[in-house]
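Treat the numbers as computed from the prediction; the structure is a model and nothing was measured. When a ligand or atom number is given, it counts from 1 through the structure's own listing order. Excluded from the calculations below are hydrogen atoms, water molecules and symmetry mates; all remaining heavy atoms, backbone and side chain alike, are included.
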Amino acid sequence: QKQLCFKGERVMWVQPTTLKELVALKSQYPNAKLVVGNTEVGIEMRLKNMLYPVIIAPAWISEMNAVQHTETGVTFGAACTLSSVEEVLRKVVAELPPYKTEVFQAVLEQLRWFAGPQIRNVAALGGNIMTASPISDLNPVLMASGSKLTLVSNAGKRTVTMDEKFFTAYRKTIVKPEEILLSVEIPYSKKGEYFSAFKQASRREDDIAIVTCGMRVLFQDGTSRVEEIKLSYGGMAPTTILALKTCQELTGREWNEKLLQDACRLLAGEMDLSPSAPGGMVEFRRTLTLSFFFKFYLTVLQKMS
Ligand code: FAD
């Protein structure tokens, strides 16, 4: 296979064949867009009048389409389509004990309500992350689970955890212009760890979320005392966020009604929205953050019993 390149009057489109070529191109054209499914970039160019003079298509890079089962989770190349992620995770969930696949089950739950099959068949996991939309359905799950992102550039590779620092502003991340998202490791869960994802949209299927979330709790060995908790929300700020203060206050507490009450009080304070927040429905969105936690609380209780 040879690198393909089409040059038009306004746009140059390049499809490299190796990771080395891809990395060299991105360092030569740091502002180039990497396009896989084109379900974001296509809309920006056709409907929002954006012009991207250099487009790089990583479809042929094997490392970016690979799936690896590691000691700690499943690693997907960033160009894996959402349908292929779904297929792989379904198999893993069927084969492994349920306690190991809590996060995978939550990803599958989000994918069930993610766009329609036409979009899922072409849209990539990496495209969803790198678009950095505040209402991405997968980013709260990846953030609450502490998924690992491997970035690559001419300077080499580095792996970062998706945490509260990854998204720096509306549609911005810590990824440098010359860097490429190479792969994403979604972790196994362990015994005593529970994970859920919820999404509320105006319409159940094929609709943009109003609020969406990923929630993780890990209990101290054999107890119902919280060792770690991470609540990540989309739709409540210009980026996907973690309810850091609430999580901090809930750590070390027993999973009981008192914790539920305190969590709701803390979330109501922390997940504040100004009355003029873009998207509107401010009261509804604030209420959803509590409703999701209530659902999570009950789901965990049920799973523990
Ligand atoms: P592309 O358009 O190909 O690329 C998107 C962006 O990511 C570009 O800026 C590109 O440069 C960058 N990028 C891609 N890969 C990399 C990489 N490896 N390294 C660095 N940068 C990279 N989203 C949801 O979260 N939930 C939904 O329910 C949902 N429904 C949708 C319904 C419709 C009808 C449409 C059109 C979109 C919907 N989306 C939804 C948004 C979109 O489909 C997803 O964000 C999708 O995952 C984007 O992937 P893509 O491959 O099409 O991205």
Side-chain angles (χ1 to χ4, degrees), residues 13-16 19 22-23 25-27 29-48 50-61 63-66 76-86 107 109-143 149-153 157-158 160 166-167 170-184 197-214 234-235 239-240:
W13 187 90
V14 199
Q15 181 149 339
L19 188 59
L22 174 67
V23 163
L25 277 166
K26 195 72 169 105
S27 103
Y29 304 104
N31 294 324
K33 284 276 169 191
L34 245 73
V35 171
V36 181
N38 202 33
T39 66
E40 293 281 359
V41 172
I43 287 179
E44 286 173 13
M45 290 181 77
R46 287 189 63 145
L47 303 176
K48 299 187 189 162
M50 311 278 277
L51 180 67
Y52 301 118
V54 184
I55 295 209
I56 308 176
W60 284 345
I61 314 296
E63 293 91 331
M64 291 191 65
N65 290 291
F76 292 94
C80 285
T81 64
L82 298 176
S83 297
S84 65
V85 171
E86 198 173 348
V107 173
E109 179 61 17
Q110 289 301 71
L111 288 178
R112 185 149 77 109
W113 306 114
F114 191 120
Q118 294 94 332
I119 297 285
R120 290 200 301 270
N121 282 343
V122 294
L125 178 60
N128 195 249
I129 296 170
M130 293 307 298
T131 298
S133 160
I135 44 156
S136 148
D137 288 323
L138 294 178
N139 288 338
V141 175
L142 301 174
M143 189 179 279
L149 311 179
T150 297
L151 309 169
V152 61
S153 72
K157 281 186 197 169
R158 63 176 178 133
V160 297
F166 183 75
F167 299 105
Y170 179 67
R171 292 192 176 238
K172 294 228 162 12
T173 69
I174 57 158
V175 179
K176 297 179 191 140
E178 67 277 16
E179 278 180 324
I180 287 155
L181 174 61
L182 179 65
S183 63
V184 183
F198 305 109
K199 167 179 180 174
Q200 180 69 50
S202 299
R203 188 176 56 190
R204 261 203 140 184
E205 277 165 43
D206 199 355
D207 201 0
I208 289 174
I210 298 168
V211 178
T212 174
C213 73
T239 64
T240 302

If you have a sec, work out which protein heavy atom is nearest [atom] and how many Å separate them, to one decimal?
atom                    : answer
atom 27 (C) of ligand 1 : Asp137 OD2, 3.4 Å
atom 18 (N) of ligand 1 : Leu181 O, 2.8 Å
atom 37 (C) of ligand 1 : Thr39 O, 4.2 Å
atom 39 (N) of ligand 1 : Phe114 CE2, 4.2 Å
atom 9 (O) of ligand 1  : Lys33 NZ, 2.9 Å
atom 6 (C) of ligand 1  : Thr131 OG1, 3.5 Å
atom 1 (P) of ligand 1  : Asn38 N, 3.6 Å
atom 13 (N) of ligand 1 : Leu34 O, 3.6 Å

As an exercise, identify every atom of ligand 1 less than 4.0 angstrom from a heavy atom of [X].
X      : result
Val41  : 2 (O), 4 (O), 8 (C)
Ala115 : 27 (C), 28 (O), 30 (N), 31 (C), 32 (C)
Ala78  : 18 (N)
Val35  : 3 (O)
Val36  : 3 (O), 51 (O)
Ile43  : 36 (C)

What part of [X], side chain, backbone, both or neither, has a heavy atom within less than 4.0 angstrom of ligand 1?
X      : answer
Met64  : side chain
Lys199 : side chain
Leu182 : neither

Between ligand 1 and [X], is the shortest N or O to N or O distance under 3.5 Å?
X      : value
Met130 : no
Leu82  : no
Ser136 : no
Ile119 : no
Ile180 : no

Measure the [atom1]-[atom2] distance between [X] and [Y] for me, rounded to the nearest 0.5 Å.
X      : Y      : atom1 : atom2 : answer
Leu142 : Asp137 : CG    : CG    : 11.0 Å
Glu179 : Thr173 : CD    : OG1   : 8.5 Å
Leu181 : Ile129 : CG    : CD1   : 5.5 Å
Ser153 : Leu182 : OG    : CG    : 11.0 Å
Lys176 : Lys26  : NZ    : NZ    : 13.0 Å
Trp13  : Ile56  : CH2   : CD1   : 11.5 Å

Going by heavy-atom distance to atom 45 (O) of ligand 1, choose the closest among Lys26, Glu40, Glu44.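 Among Lys26, Glu40, Glu44, the closest heavy atom to atom 45 (O) of ligand 1 comes from Glu40.
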Could you pull out, from Ala124, Ser183, Ala59, Ala209, the option with a heavy atom nearest to atom 47 (O) of ligand 1? Ala124
Determine whether more than 12 heavy atoms belonging to other residues, nucleotides or ligands lie under 6.0 Å from atom CD1 of Ile210.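 More than 12 heavy atoms, drawn from other residues, nucleotides or ligands, come within 6.0 Å of this atom.
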Before you tell me yes or no, could you show the steps for Val122 and Val36 under side-chain contact (heavy atoms from CB on, under 4.5 Å), namely the whole-Å CA-CA distance, both residues' side-chain angles and the distance that decides it to 0.1 Å? CA-CA 7 Å; Val122 294; Val36 181; over 6 Å; no
Tell me, please, which residues at least two apart from Phe198 pass ring pair (Phe, Tyr, Trp, His ring centres under 6.0 Å).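 By the ring pair (Phe, Tyr, Trp, His ring centres under 6.0 Å) rule, Phe198 matches Phe292.
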Measuring only between side-chain heavy atoms, which start at C-beta, is Asn139 closer than 4.5 Å to Phe166? no
Show your reasoning for whether side-chain contact (heavy atoms from CB on, under 4.5 Å) applies to Val54 and Asn31. CA-CA 8 Å; Val54 184; Asn31 294 324; over 6 Å; no
N/O donor-acceptor pair under 3.5 Å between Ser136 side chain and Ala132 backbone: no
Residue pair Ser183, Met64: steps toward the side-chain contact (heavy atoms from CB on, under 4.5 Å) verdict: CA-CA 7 Å; Ser183 63; Met64 291 191 65; over 6 Å; no
Show, in sequence, the C-alpha distance, side-chain angles and deciding distance for Val35 and Met45, and conclude whether the side-chain contact (heavy atoms from CB on, under 4.5 Å) test is met. CA-CA 12 Å; Val35 171; Met45 290 181 77; over 6 Å; no
